[in-house]
Amino acid sequence: MGKNLFIAEKPSVAKEFAKVLNVNGNASKGYLESDNSVVTWCVGHLVTMSYPEVYDAALKKWSFQTLPFIPEHFLYEVIPGVSKQFNIVKGLLNRDDVSCIYVCTDSGREGEYIYRLVDDMAKVSPDKEKRRVWIDSQTEEEIKRGIKEAKLLSEYDNLSSAAYLRAKSDYLMGINFSRVLSLKYGRTIMDYLNNGRWSAVSVGRVMTCVLGMVVKREREIRDFVKTPFYRVIGNFGYEEQKFDGEWRAVKGSQYFESHLLYKENGFNKKEDAQKLIDELKIETPAVKAVICKAEKKKEKKNPPLLFNLAELQNTCSKLFKISPDETLKIVQELYEKKLVTYPRTDARVLSTAVAKEIHKNISGLRNYALVRDIASGILEAQSYKGIEKTKYVNDKQITDHYAIIPTGQGFNALNSVTQTAARVYEVIVRRFLCIFYPSAEYLKINITAERLKESFFASFKIMTKEGYLAIASASFAKQKLTDKQAQTTEGSADDAADNDNKLDKNAIEKIKQLKKGMEIDLFSAEIKEGETSPPKRYNSGSMILAMENAGQLIEDEDLRAQIKGSGIGTSATRAEILSKLVNIKYLSLNKKTQIITPTLLGEMIYDVVFASIHALLNPELTASWELGLTMVADGKITEEEYMMKLNSFITNHVQNVKSKNYQNLFKPYFDKAAANYKTSKKTAKKTTAKSGTDNSKTKNKQA
């Protein structure tokens, strides 16, 4: 009987498999071996797509004549820096005594691609049995389950096809669009910046769309004109208790749908607001108003859904002011140390199978001091039972992996991680435990008072049961931190108790007594001036969410959960795309605030793309390419159908760029953008040489 070969994506993962399989030895050989098993590893990508000049030496020089470049058959090559490990893996894959190959690369599209490239390049015999290990964590139990339940690799052929197509899309769009725009307008950009060096225009399927989102938002902010408006606030009283009410021009008011209004609760001009106050005929000490509506209703706030990678990146950006790329590195480390489940997931729910065993995760958390009592309480109350019937468990919302949750293991490793990583872990743990707690409950009171047919509105929101909010706030949020990294966690009690009127319990009891038809005192009314606000700039976290939702920045998390379809990029690539745009100086990221803004060079690239290949800036279109890859993975469309559309898209746009000449039209747009940068040309001049590179050189991880 032959040996089983297990091939992981990284040495650290291979080490965990070796422990479970009782395989020891000297890792310096590039593999470990026992009587029954061999364990080896890649080091990320071992194989990459070949540069165009490998197809034809003439393609090394960029020219219009060689575009569009769309090879009939794609060429691949071993990455020189890891050729030693590739040869080791190749030798093991083709050993006569290896009868079954277990593919243990990361359980996702990119992990599938990494192995398939090696398999193709090594020319592994089709007669060898190949099985796919698909796991959600690196705990011993999960690794054993993954090996036991490993399916034939052929069952993942559609996923493999989608992975190859993703790489081809990025490769072809990057090379063709970067080259044609560089040849056409690269000199125009450099001349404007007084940069003697010629430099390429870097364009990508996803990165250019993200650049467009940031530039468009920045220009919306610049063009925004603040508009003042004037609200009228009445001060009311009942049995010595005072509260404020806001006037609104509802039906019955003389100002209903008046042209004098900015909105129903404000005037365009201060003098009109003052006229209303005069018409109310308020005298000292008070006049009477009548309660025309007094509503009391109970509201519940459910625990939020669990973290997927995008939600975690957004939360960490808010709490710790760290970039999505840093968050991914941290959660990947936590995963490799067995502390959490697989991080590169889009799901925010659990599977039914996991829900049945979830008490094991909770039980393990009794060994984590910060939540020991919470975990024990959940187990004692058995509140985890029935979780499979809630919104937190839904097999239909899971594709490759379920949400990020703690494994309940690996606590010794917490001593070796950074303080920020430990805090990220606590946030994940608390989000997980919240779903086993009841909802927070509130009493909401809405009062409408009328004076001379003009209505004032007051609302009160009082927490009656803390529910999950009792455990939602992380411990570090309550400490005085010198680095001021964290103030409060998402969903804290302070955030929830957003009363329009801050009243104590005695005051609330008096407000509860108000009923329709009762008279209350109106002591005074005052004008409060406000002004409209411009759109907010993206921060690193909100950008990840906007990418996940195809360009829509949706603040409400329940609404985000309802959005179906693919976003821009994937959970595994979004942080890297953002990081690349910063590295090539198209975007600027403030590390302290995580606010993202464009650079002058980035705005110039935007203008060039807007005029030449506008489709690259369309979030919905960019998302549709990702959806197409998902459809290939699901077997709904074929590789041929996808490639036909891709080739047509590239050919049409390349030919369009070649046939048009906009060089003389850009200067006014560049001038308008440059006016917003003090040292714009000098700064951009220094960065252009770094930014423009042929995208064929970053083929595997390309945006």
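This is a predicted model, so every value here is computed, not measured. For this chain, numbers begin at 1 and follow the sequence in order.
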Are [X] and [Y] close enough that some pair of their side-chain heavy atoms sits under 4.5 Å apart?
X	Y	value
Ser202	Tyr586	yes
Val214	Met543	yes
Glu454	Gln254	yes
Tyr468	Pro304	yes

Do [X] and [Y] have a side chain donor and acceptor closer than 3.5 Å?
X	Y	answer
Ser439	Asn302	yes
Tyr255	Glu279	yes
Thr448	Ser455	no

| task | Check the pair Phe610, Tyr669 against ring-ring contact (aromatic ring centres under 6.0 Å, His included), reporting the backbone distance first and the verdict last. | result | CA-CA 11 Å; Phe610 187 90; Tyr669 296 97; 8.4 Å; no
Using a strict 4.0 Å threshold on nitrogen-to-oxygen distance, state whether [X] and [Y] make a salt bridge.
X	Y	result
Lys293	Glu450	no
Glu295	Lys297	no
Lys329	Glu326	no
Glu531	Lys226	yes
Glu603	Arg222	yes
Lys298	Glu441	no

| request: Would you please classify the geometry between the Phe649 ring and the Trp625 ring as parallel, tilted or perpendicular, with 30° and 60° separating the classes? | output: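 It falls in the perpendicular class, over 60°.
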| message | Check the orientation of Tyr662 and Tyr185. Use parallel for under 30°, tilted for 30 to 60°, and perpendicular for over 60°. | response |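 Parallel, since the angle between the ring planes stays under 30°.
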| field | Partner of Arg348 by side chain to side chain contact (heavy atoms under 4.5 Å, CB included), out of Glu311, Lys391, Gln397 | value |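 Of all the options given, the one that passes is Glu311.
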| Would Lys263 count as a cation-pi partner of Phe229, with NZ or CZ less than 6.0 Å from the six-membered ring centre and within 45° of the ring normal? |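 Output no; distance or angle outside limits.
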| request: Could you walk me through whether Arg423 and Glu426 pass the salt bridge (charged side-chain N to carboxylate O under 4.0 Å, His left out) test, one step at a time? | output: CA-CA 5 Å; Arg423 289 171 176 171; Glu426 184 185 352; over 6 Å; no
| task | Assess whether ring-ring contact (aromatic ring centres under 6.0 Å, His included) is satisfied between Phe666 and Tyr192, documenting all intermediate values. | result | CA-CA 10 Å; Phe666 286 125; Tyr192 183 84; over 10 Å; no
| task | Can you measure from CD1 (Ile613) to OG1 (Thr208) and round to the nearest 0.5 angstrom? | result |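 Between atom CD1 of Ile613 and atom OG1 of Thr208 there are 8.5 Å.
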